[in-house]
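Everything quoted here is computed from the prediction, not taken from an experiment.
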Amino acid sequence: MPRIAYRSRWIFPVSAPPIENGIVETQAGRIVDVRAAHRGEPAIDLGEVALLPALVNAHTHLEFSSLERPLGRPGIGFADWIAEVVAWKRRSPVEGSSLAKRLSIAAGSSESWRFGVGAVGEIATEPWEPDVYDHPMLSCVLFHELLGLAPERAAAAWERFSEIAESDASLRPSIDEVPADGSSASVTTAPLHELGVSPHAPYTVGLEQTKRGVEWAASRRRPLAMHVAESIDERELMTEGTGPLRELLERVGAWVPQAFGRRDGWRALLTLLSGAPRVALVHANFLSPDEFDLVATHRDHFTIVHCPRTHAFFGHARHPVDQALQRGIPLALGTDSRASNPDLSIWREARHAAMRHPQHAAHGWIDSITTTAAAAIGVADRFGSLAAGRSWLPCVIELPRDAPDRPNAEFLLQESTAEPRPLIEPPSGMPRFA
Ligand SMILES: [Zn+2]
């Protein structure tokens with residue numbers, strides 16, 4: 001298999017400093033070298049662009065991608081929004097209609113790719129049809145959603161998940177199965193579909209069910225994601241057993257009194273989750289400093305996933321990103337879904353975060369949508385940086401005529417209006433959502 005060299009005005013490998021007039025050498029869909037160009041060296045010239053690795057969206061729910069705008073209104077109470085989501089799923093053709101869900105996920109996959117995203121951490125729900133995620137380029141870690149507060153419901157959901165996990169061989173090969181020398185082009189260039197598990201959230205899944213998910217993740221070495229401490233309503237439910245989420249659970253007949261009202265509820269949950277090999281704590285908007293200390297003791301395998309524009313939609317108090325970063329806890333970003341976000345651009349999430357938290361450097365926010373996000377969902381072997389061994393799936397940002405001589409992360413993220421696009425565009429005629 002011949003090597004192909006690409007030249008770019010600037011390369012931002014993310015895992016290494018930017019390279020001016022850089023070369024990426026590829027073979028069979030993988031990067032074999034990233035370096036400065038030699039004088040007169042033949043290469044495919046990509047022009048006046050900055051080349052970055054494909055972006056990684058650490059948390060989304062693509063089944064809501066057919067929504068033109070978020071559900072509810074900005075500033076809506078969390079329990080009220082959950083009620084809106086439940087009502088939408090009931091009246092929407094997505095509920096119970098495989099075709100509508102398929103179209104919504106296809107739209108979300110295309111939209112993600114158009115925004116320069118190469119891999120997503122997707123919360124995948126029943127009915128379980130992993131082929132709905134087939135897209136020519138986008139890789140997905142499918143975090144199967146686990147629900148169940150009441151023991152009977154939890155047991156039925158677990159039985160169903162066990163069947164899916166048993167037939168996991170039907171998913172595409174995981175990175176562990178790709179030959180290290182990249183000798184199989186058909187495998188190295190195919191998008192990755194890998195199974196993970198997601199106990200949904202403390203208000204929908206009990207500790208017993210979460211424990212099953214943790215044990216499965218540990219035995220199969222698969223990633224786990226869970227919505228944690230997303231709202232003040234959830235915090236009240238966990239520690240006091242009261243509030244709007246209790247009222248909602250009572251209304252829908254899902255209230256299980258013994259599941260809530262524990263003062264040490266968060267510590268018990270975080271300790272339980274630490275048994276999984278890789279944990280994405282999604283949101284973590286309302287953890288206390290003590291609880292961040294506990295997360296920090298597991299920072300080698302915990303990542304906090306912040307969803308900046310969804311956070312703003314709910315009008316939550318400022319996200320405690322400082323609490324995480326001061327303790328060295330990895331921080332990734334996600335879009336969450338179109339039920340609470342205007343689009344699926346992870347770059348715009350990083351822009352929003354950089355604007356909201358200017359004390360953190362722009363390159364740190366780019367890490368949050370590349371290397372750290374890839375690690376959070378267990379795909380760092382393929383994604384997150386332009387480096388030897390990684391997939392050749394870059395995105396490009398056009399450099400304007402008045403770009404500085406040495407454009408940096410701050411320029412790309414906060415000063416330039418240009419946005420990333422995939423180097424490999426879909427054929428004309430495919431839907432464009434960006
Ligand atoms: Zn979510």
Side-chain angles (χ1 to χ4, degrees), residues 6-24 31 34-37 46-58 112 115-119 303-309 311 319 321-322 324-326 328-335 343-376 380 383-387 390-423 434:
Y6 298 86
R7 191 201 76 88
S8 174
R9 178 82 175 84
W10 282 93
I11 294 176
F12 285 75
V14 179
S15 53
I19 303 167
E20 184 173 11
N21 192 25
I23 290 279
V24 180
I31 297 170
V34 182
R35 56 177 170 75
L46 303 177
E48 295 295 304
V49 298
L51 196 67
L52 282 82
L55 308 178
V56 178
N57 180 356
S112 298
F115 279 127
V117 171
T303 303
I304 287 176
V305 180
H306 172 38
C307 301
R309 290 183 297 166
H311 195 89
H319 190 278
V321 294
D322 295 342
L325 295 174
Q326 282 161 8
I329 301 168
L331 182 72
L333 299 183
T335 57
D343 58 53
L344 298 174
S345 167
I346 195 67
W347 186 257
R348 292 177 189 169
E349 300 297 338
R351 269 199 177 146
H352 187 98
M355 188 180 65
R356 192 84 182 86
H357 303 277
Q359 72 277 26
H360 297 297
H363 67 78
W365 293 115
I366 292 181
D367 284 353
S368 294
I369 58 171
T370 51
T371 47
T372 309
F383 289 94
S385 60
L386 293 176
R390 303 303 195 283
S391 295
W392 170 236
L393 271 182
C395 63
V396 294
I397 301 179
E398 306 293 337
L399 291 171
R401 283 178 191 281
D402 59 351
D405 288 345
R406 304 190 70 79
N408 56 15
E410 194 176 355
F411 172 78
L412 293 180
L413 192 63
Q414 294 170 276
E415 294 170 27
S416 170
T417 55
E419 297 198 333
R421 61 172 172 79
L423 178 64

| query | Between C395 and P420, which heavy-atom pair has the shortest distance, and what is it? | reply | SG-CB, 3.8 Å
| For the atom pair SG (C307) and NE2 (H352), what is the distance rounded to the nearest 0.5 Å? | 11.5 Å
| task | Give, for atom CG of N408 and atom CG of L413, the distance between the pair rounded to the nearest 0.5 Å. | result | 10.5 Å
| Could you state the interatomic distance from CD1 (I19) to CD1 (I11), rounded to the nearest 0.5 Å? | 5.0 Å
| task | Please report the shortest heavy-atom distance between P13 and V34, naming the atom on each side. | result | CG-CG1, 4.4 Å
| request: Taking all non-hydrogen atoms of both residues into account, name the closest pair between S8 and V49 and its distance. | output: OG-O, 3.0 Å
| request: List for me each residue that meets ring-ring contact (aromatic ring centres under 6.0 Å, His included) alongside Y6, sequence neighbours excluded, and say none if there are none. | output: W392
| query | Who pairs with D343 by side-chain contact (heavy atoms from CB on, under 4.5 Å), at least two apart in sequence or on another chain? | reply | E111, F115, R309, R338, S345, R348
| Taking only residues two or more places apart in sequence, or in another chain, which ones meet R401 in a salt bridge (Lys or Arg N to Asp or Glu O under 4.0 Å)? | none
| request: Classify the angle between the aromatic ring planes of W365 and H357 as parallel (below 30°), tilted (30 to 60°) or perpendicular (above 60°). | output: tilted
| query | Would you say L344 and V117 make side-chain contact, with heavy atoms under 4.5 Å? | reply | no
| query | Which salt bridge (charged side-chain N to carboxylate O under 4.0 Å, His left out) pairs, counting each pair once, include a residue from residues 10-21, with sequence neighbours left out? | reply | R9-E20, E20-R406
| Student check: side-chain heavy atoms of I369 and E349 closer than 4.5 Å | no
| Atom pair CZ (F411) and CG (L399), whose distance is rounded to the nearest 0.5 Å | 6.5 Å
| said: Evaluate D322 against H360 for side chain to side chain donor-acceptor pair (under 3.5 Å), listing each step before the verdict. | reply: CA-CA 9 Å; D322 295 342; H360 297 297; 2.7 Å; yes
| When L423 is tested against each of V396, L393, L52 for side-chain contact (heavy atoms from CB on, under 4.5 Å), which residue passes? | V396
| query | Excluding sequence neighbours, so at least two apart, what forms side-chain hydrogen bond (donor to acceptor under 3.5 Å, both in side chains) with E398? | reply | R421
| query | Heavy atoms, side chains only, cut-off 4.5 Å: are I397 and W347 in contact? | reply | yes
| field | Rounded distance (nearest 0.5 Å) linking atom NE2 of H311 with atom CG of L333 | value | 12.0 Å
| All side-chain contact (heavy atoms from CB on, under 4.5 Å) counterparts of A58, not counting sequence neighbours | V305, A332, A373, I377
